[in-house]
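Note that the structure is a prediction, hence the values are computed from the model and not measured. In what follows, every chain begins at residue 1, and chains take the letters A, B, ... in the order their sequences are listed.
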Number of protein chains: 2
Amino acid sequence: MRLTQVLAASLCASGAVQAVAVNPLPAPTSITWGTSGPRAFNGRNLALNGAPNHVVSDAWDRAYSAITSLHWVPQATEAPIATYAVFPTGTAAKRRGTTTLNSITVQVADSKAPLQHGVDESYTINVPSTGQVITITANTTWGALHAFTTLQQLVISDNDGGLMIEQPVSISDAPMYPYRGIMIDTGRNFITLPKIYEQIDGMALSKLNVLHWHLDDSQSWPVQMASYPSMTKDAYSANEIYTTNNLKDVLNYATARGVRVIPEVDMPGHASSGWKQIDPSIVACADSWWSNDNWPLHTAVEPNPGQLEILNPKTYTAVQKVYSELSGIFTDNFFHVGGDELQTGCYNLSTITTEWFAANASRTYNDLLQHWVDNAVPIFANSSGNPNRQLMMWEDIAISTPHANTVPKNIILQTWNNGPTNIKTLTEAGYQVIVSSSDWFYLDCGFGGWVSNDPRYDVQVNPDAVDGNPNFNWGGNGGSWCAPYKTWQRIYDYDFASNLTSTEASRVLGVEAPLWSEQSDDTTISSKMWPRAAALAELSWSGNKGPNGKSRVTLLTQRILNFREYLVANGVAAAPLMPKYCLQHPHACDLYYDQGAVA
Amino acid sequence: MRLTQVLAASLCASGAVQAVAVNPLPAPTSITWGTSGPRAFNGRNLALNGAPNHVVSDAWDRAYSAITSLHWVPQATEAPIATYAVFPTGTAAKRRGTTTLNSITVQVADSKAPLQHGVDESYTINVPSTGQVITITANTTWGALHAFTTLQQLVISDNDGGLMIEQPVSISDAPMYPYRGIMIDTGRNFITLPKIYEQIDGMALSKLNVLHWHLDDSQSWPVQMASYPSMTKDAYSANEIYTTNNLKDVLNYATARGVRVIPEVDMPGHASSGWKQIDPSIVACADSWWSNDNWPLHTAVEPNPGQLEILNPKTYTAVQKVYSELSGIFTDNFFHVGGDELQTGCYNLSTITTEWFAANASRTYNDLLQHWVDNAVPIFANSSGNPNRQLMMWEDIAISTPHANTVPKNIILQTWNNGPTNIKTLTEAGYQVIVSSSDWFYLDCGFGGWVSNDPRYDVQVNPDAVDGNPNFNWGGNGGSWCAPYKTWQRIYDYDFASNLTSTEASRVLGVEAPLWSEQSDDTTISSKMWPRAAALAELSWSGNKGPNGKSRVTLLTQRILNFREYLVANGVAAAPLMPKYCLQHPHACDLYYDQGAVA
């Protein structure tokens with residue numbers, strides 16, 4: 001059947017009110033529909049209070065362009081499970097007001113508020129029953145942008161060449177958490193600018209506001225550096241380098257869409273490429289065998305090895321220059337300086353370190369990491385050129401083995417291990433926390449192991465004939481340390497703050513889903529990221545519970561199925577979650593008939 | 001570094017012989033390199049013996065176009081693990097003969113041999129040290145095409161604007177198995193023609209020769225039918241339909257590239273959409289709740305339910321017309337008619353079936369399936385319009401619960417359960433078998449469950465606080481019945497014929513990797529299919545063992561890493577397997593230093 005027939009059918013099947021009550025994602029905090037039915041829409045005119053605001057007017061241009069070029073037909077509308085009717089065909093029975101909504105009036109209270117952590121992102125939309133004007137209010141530019149991404153999801157095809165919007169509708173909306181992010185990793189594999197833009201497009205549409213950019217890793221250094229041009233000798237090729245202008249282009253593209261960009265330079269672990277071009281003496285164990293096959297000698301959690309020489313003073317000269325240069329390019333008040341997964345074995349190959357331990361038997365690897373913190377953090381503080389700069393680090397720096405003895409409490413810690421337990425530990429200790437618990441939010445999990453020469457796959461029988469143990473190739477993790485793959489329901493179901501006191505909970509700044517890229521590049525980034533990141537977006541924007549405190553994951557189904565189609569229509573290559581049959585037959589693909597099966 | 005520098009470096013680093021000994025995939029049965037070094041290549045001229053053969057000349061045009069447009073620089077070359085040298089930069093030190101290879105002479109013994117099961121696919125290539133002619137011989141057109149996909153992988157950039165090929169080299173090659181396939185599923189989600197062509201492009205490059213096209217399933221019927229135009233009312237939309245001309249276009253595209261297309265219409269299970277538009281009385285339980293939540297009442301392995309009414313005579317009228325029409329379009333001698341996963345519960349909703357069982361207490365579901373076989377198989381035999389037609393069915397028809405009592409031995413069975421055990425059972429019983437064991441070859445596994453309203457993801461603690469059992473969200477299958485994801489090493493390591501007698505082994509026609517598409521469509525098909533299908537391609541073309549009988553999976557590493565880049569360069573959106581670092585540093589990302597770790 002034709003898509004336009006689908007809409008007509010939808011209108012016919014469930015009455016005009018249900019018919020175009022489209023499901024914007026994330027669900028707004030408050031949305032109130034009237035019952036007078038859809039009105040024609042032709043809202044090219046944007047009236048903006050106060051001075052010209054190009055960010056707002058450009059954003060409306062984009063939203064309006066999407067609206068008019070797509071003439072969106074909702075691909076999945078909500079309906080009760082009990083009907084089971086086949087998506088029916090029929091004649092359109094649309095109700096329309098006599099006047100067209102053709103103007104958008106936007107009131108931005110403070111159009112100068114910068115896009116930084118904690119900025120007010122609230123907005124309201126009012127679509128009236130009479131008159132030609134849709135009214136939007138927002139305290140900041142960034143709230144107005146969110147209003148547009150809601151509005152563009154509400155305006156749909158009228159099945160007759162025009163556009164319409166259900167009305168009256170009044171929306172009052174604001175996020176639960178100020179930090180709602182995803183992470184890309186351009187150290188393991190390069191990602192081109194168009195694909196980074198594509199992620200930002202998906203973020204804007206789903207109201208995610210932080211792009212954490214893990215710039216480099218031990219495998220490559222893709223960032224062109226004026227201070228040390230030799231670092232990009234460790235880019236994968238001349239075509240796989242980000243120039244300073246490229247970085248600024250990404251920043252501009254993101255800012256225009258209400259997305260902050262937080263850079264990460266991972267130190268002192270996960271550091272080899274780039275750094276060793278500055279001076280080989282500032283990197284330990286760079287040319288060693290990673291030695292997972294002889295665990296006492298292992299130097300890295302994954303190939304290739306390399307960690308900064310914490311005890312070499314030259315290291316800090318390099319760190320200062322690299323940090324200072326990048327700190328001057330990236331405008332966000334947050335800067336991530338890594339701090340994860342230090343491998344002690346690496347330093348067995350470091351003369352300076354082994355001599356330091358030999359000189360004082362009481363010294364531990366925790367002391368070594370403390371040396372890093374004591375020397376590096378002041379450099380970060382003094383070289384940022386940004387008085388508002390806050391540092392982020394992975395939680396390891398404070399609670400892994402090894403960890404620094406004392407980590408300043410003003411460093412924001414990103415937690416990825418042990419789920420709610422670590423969130424509790426860190427917030428109880430007074431740290432502000434970003435939640436990236438790998439058992440819920442790691443988008444790269446479940447694709448098996450990626451290292452080669454791996455005999456664990458050469459197993460023909462399960463369970464093992466000798467010891468009777470089940471083999472990991474049958475229903476096991478298959479070589480992925482964080483298996484299984486995290487489904488959209490898994491992501492959405494995470495109650496990450498439920499075991500916290502209100503004080504502890506107030507220290508949770510938000511959430512972030514990382515996509516580590518050992519097995520990702522341009523060909524897979526969008527389908528691994530989307531639409532799963534949209535489940536995270538709604539979880540952190542308006543939560544996973546309804547007003548009754550019950551899970552609304554089942555109500556997210558049709559919303560995210562429609563949103564996935566909407567992402568694809570907008571050029572974001574999101575993966576399909578189900579057969580399209582499910583999208584066209586609401587709740588026919590539920591596991592339980594009981595719509596309250598998820599408590 | 002520039003790509004051209006990489007090649008120069010490679011040439012320099014390991015000597016001219018190693019340098020351009022590129023790694024065609026699948027590895028030829030026999031390839032013998034000389035030591036005189038590369039010669040310039042400009043082989044536009046194709047001399048073809050006998051009559052004009054457009055299939056061969058077109059294939060060379062494609063290969064030549066790829067060669068000249070890509071000026072391929074090998075992205076991963078083989079090298080011993082011990083060196084660990086960083087991919088060095090340096091000056092090219094290439095040795096070149098004084099004459100250019102500028103002609104290809106192709107001798108095809110029988111250019112009329114049709115592309116059908118068992119056709120001779122062997123070929124030889126000879127690149128001489130002197131003269132201007134590369135000589136190819138093949139017994140059939142299809143062997144000549146394979147020669148070209150080898151040759152196009154051998155001709156690479158000379159780092160100076162021209163092309164070159166290592167020489168002398170002599171290749172003698174033929175496949176181990178005549179059936180080397182992948183399966184696409186356009187019933188769960190639609191796949192556009194360009195994306196189907198993209199799969200065929202990847203197949204041709206990797207010498208896979210069978211595209212199994214699971215046309216429909218219970219969820220949708222995307223095939224336009226002259227006999228029953230109403231069937232496509234159950235297509236997902238008017239844009240998601242294959243016309244007869246579309247089908248023929250795919251056949252032509254595939255044939256031109258040496259790829260057979262075997263259609264599947266899944267019957268009597270997995271049948272609802274399309275069929276119910278012909279006559280609702282020929283489909284049982286189509287509008288039922290699938291009832292996985294109340295197992296005694298369940299009617300389907302997945303939503304939506306629907307199976308053909310085996311006892312309704314009208315069913316066979318429809319089956320005859322549908323089969324006859326499609327049989328006249330698809331030219332392959334093989335036709336797949338399904339036969340898998342019959343759900344007995346579905347027929348509880350069928351009056352005709354419950355009455356049949358009530359009339360004779362001795363009747364079983366095996367008898368019901370026998371009724372299907374006894375009535376449907378003669379129709380397939382008499383309506384094909386192809387005297388050489390052979391039927392394929394899933395193994396279920398013969399060995400699942402339920403199964404038919406007697407399945408003709410001339411029906412080829414596709415095995416997907418229980419790995420080597422079922423292969424043994426079926427070949428011992430005398431059946432010819434296609435191996436698709438899900439624990440090795442199912443490319444859709446490991447993406448979690450796709451049904452909604454699933455409380456199994458709303459679990460915050462592991463192990464369970466009450467019973468101490470580990471939860472599937474932590475290292476478990478995460479809701480994917482065939483988890484984990486099958487890695488390229490897992491696929492390649494499958495010794496599927498090792499427990500068979502020589503007679504049994506002779507009944508294994510080949511292998512096929514299915515990609516079921518509940519969670520796939522255009523956005524993901526290529527990255528889920530490739531380059532993993534290339535591991536299957538080599539497994540079935542020249543095997544997973546070296547001449548010494550030892551695994552060569554570790555030697556496949558650099559070959560498949562290079563081939564993945566080559567697929568992407570040729571427009572096939574294959575997923576990356578590792579950080580690019582691994583590709584540039586041979587074996588640095590091995591799990592074991594011992595290169596014989598995989599026995």
Side-chain angles (χ1 to χ4, degrees), chain A residues 1-3 84 188-189 219-220 236-238 287 289 292-293 303-304 439 446-455 457-458 460 473-478 483-485 487 489-490 493 495 518-519 521 523-524 527 551 554 557 573 575-581 588-593 597-598, chain B residues 1-3 84 188-189 219-220 236-238 287 289 292-293 303-304 420 439 446-448 450-455 457-458 460 473-478 483-485 487 489-490 493 495 518-519 521 523-524 527 551 554 557 573 575-581 588-593 597-598:
Chain A
M1 80 186 83
R2 293 181 182 281
L3 285 177
Y84 277 130
R188 272 59 177 257
N189 278 306
Q219 291 87 352
S220 78
Y236 285 138
S237 75
D287 293 319
W289 171 239
N292 197 76
D293 55 353
N304 51 320
D439 291 317
F447 290 85
W450 55 266
V451 294
S452 40
N453 192 27
D454 187 343
Y457 297 109
D458 185 23
Q460 312 295 325
N473 290 298
W474 281 265
N477 69 34
Y485 181 88
T487 68
Q489 293 176 92
R490 177 68 178 156
D493 282 342
D495 295 324
E518 286 89 346
Q519 294 161 300
D521 64 12
T523 57
T524 57
S527 61
S551 170
T554 302
T557 309
L577 299 175
M578 302 186 190
K580 205 169 195 178
Y581 180 93
C589 299
D590 282 359
L591 181 58
Y592 284 84
Y593 188 86
V598 187
Chain B
M1 78 188 81
R2 292 180 182 282
L3 284 177
Y84 277 130
R188 272 60 176 258
N189 277 307
Q219 289 88 351
S220 77
Y236 285 138
S237 75
D287 294 319
W289 170 239
N292 197 76
D293 54 354
N304 55 323
D439 290 317
F447 291 85
W450 54 266
V451 294
S452 39
N453 192 27
D454 187 343
Y457 297 108
D458 186 23
Q460 313 295 326
N473 290 298
W474 281 266
N477 68 35
Y485 181 88
T487 67
Q489 292 176 94
R490 178 68 178 156
D493 282 342
D495 295 323
E518 286 89 347
Q519 295 161 298
D521 64 12
T523 56
T524 57
S527 62
S551 170
T554 302
T557 309
L577 299 175
M578 302 185 189
K580 205 169 194 177
Y581 180 93
C589 299
D590 282 358
L591 181 58
Y592 285 84
Y593 189 86
V598 187

Quick one: of B/Pro455, B/Gly448, B/Ala483, B/Pro576, who has the most non-hydrogen atom pairs under 4.5 Å with chain A?
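When all of B/Pro455, B/Gly448, B/Ala483, B/Pro576 are compared, B/Pro576 has the most.
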Where on B/Ser220 is there a heavy atom nearer than 4.5 Å to chain A: the side chain, the backbone, both, or neither?
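No part of B/Ser220 comes within 4.5 Å of chain A.
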Interatomic distance, A/Leu577 atom CG to B/Asp521 atom CG [nearest 0.5 angstrom]
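The distance works out to 10.0 Å.
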Please find the pair of heavy atoms, one from A/Leu591 and one from B/Asn453, that lie closest to each other, and give the distance.
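Looks like CB-O, 3.7 Å.
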Quick check for you: among B/Arg188, B/Gln460, B/Gln519, which has the greatest number of heavy-atom pairs under 4.5 Å with chain A?
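Of the candidates given, the most pairs with chain A belong to B/Gln460.
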For residues A/Asp458 and B/Asp495, report the shortest heavy-atom separation together with the two atoms involved.
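A/Asp458 and B/Asp495 have their closest heavy atoms at OD1-OD2, 4.1 Å.
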Under the side-chain hydrogen bond (donor to acceptor under 3.5 Å, both in side chains) test, which residues partner A/Ser527, sequence neighbours left out?
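Counting only residues at least two positions away or on another chain, A/Ser527 forms no side-chain hydrogen bond (donor to acceptor under 3.5 Å, both in side chains).
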Got B/Tyr592 and A/Val451 here, is their nearest side-chain heavy-atom distance under 4.5 Å?
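Heavy-atom side-chain distance check fails, nothing below 4.5 Å.
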Nearest-0.5 Å distance, CG of residue A/Asn189 to CE of residue B/Met578:
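Spacing of CG (A/Asn189) from CE (B/Met578) equals 11.0 Å.
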So which heavy atom on A/Arg490 is nearest to which on B/Trp474, and how close?
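Smallest interatomic distance, heavy atoms only, reads NH2-CH2, 3.2 Å.
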Which one of B/Pro303, B/Pro579, B/Ala573 has the most heavy-atom pairs closer than 4.5 Å to chain A?
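That would be B/Pro579.
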Nearest 0.5 Å, please: how far is CG in B/Asn473 from OG1 in A/Thr487?
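One gets 7.5 Å once the value is rounded to the nearest 0.5 Å.
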Heavy-atom pair of closest approach, residues A/Asp293 and B/Tyr593
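Here A/Asp293 and B/Tyr593 meet closest at OD2-N, 2.7 Å.
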How close do A/Gly475 and B/Pro484 get, counting heavy atoms only, and between which atoms?
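Scanning both residues completely, I find the closest heavy atoms to be N-CD, 3.6 Å.
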Using atom types as modelled and distance alone, determine if a side-chain donor or acceptor of B/Tyr236 lies under 3.5 Å from a backbone N or O of A/Tyr581.
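Answer holds: yes.
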If you count heavy-atom pairs under 4.5 Å with chain B, which of A/Thr523, A/Thr524, A/Thr557 comes out on top?
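Max contact count across the listed options: A/Thr523.
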Looking at A/Gly476, A/Gly449, A/Gly478, which one has more heavy-atom pairs under 4.5 Å with chain B than the rest?
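Ranked by contacts with chain B, first place is A/Gly476.
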In Å and rounded to the nearest 0.5 Å, what is the SG to CD distance from A/Cys589 to B/Gln219?
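Reported to 0.5 Å precision, the distance equals 7.0 Å.
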Nearest heavy-atom pair of A/Trp289 and B/Ala588: which atoms, and what distance?
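Here A/Trp289 and B/Ala588 meet closest at CZ3-O, 4.0 Å.
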Pairwise side-chain contact, B/Val598 with A/Asp454, heavy-atom cut-off 4.5 Å (strictly under):
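A side-chain contact under 4.5 Å is absent here.
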Could you tell me which of B/Gly446, B/Pro420, B/Ser551 has the largest number of non-hydrogen atom pairs under 4.5 Å with chain A?
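Max contact count across the listed options: B/Gly446.
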If the condition is side-chain hydrogen bond (donor to acceptor under 3.5 Å, both in side chains), which residues does B/Tyr485 pass it with, not counting sequence neighbours?
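In terms of side-chain hydrogen bond (donor to acceptor under 3.5 Å, both in side chains), with neighbours along the sequence ignored, B/Tyr485 is linked to B/Arg532.
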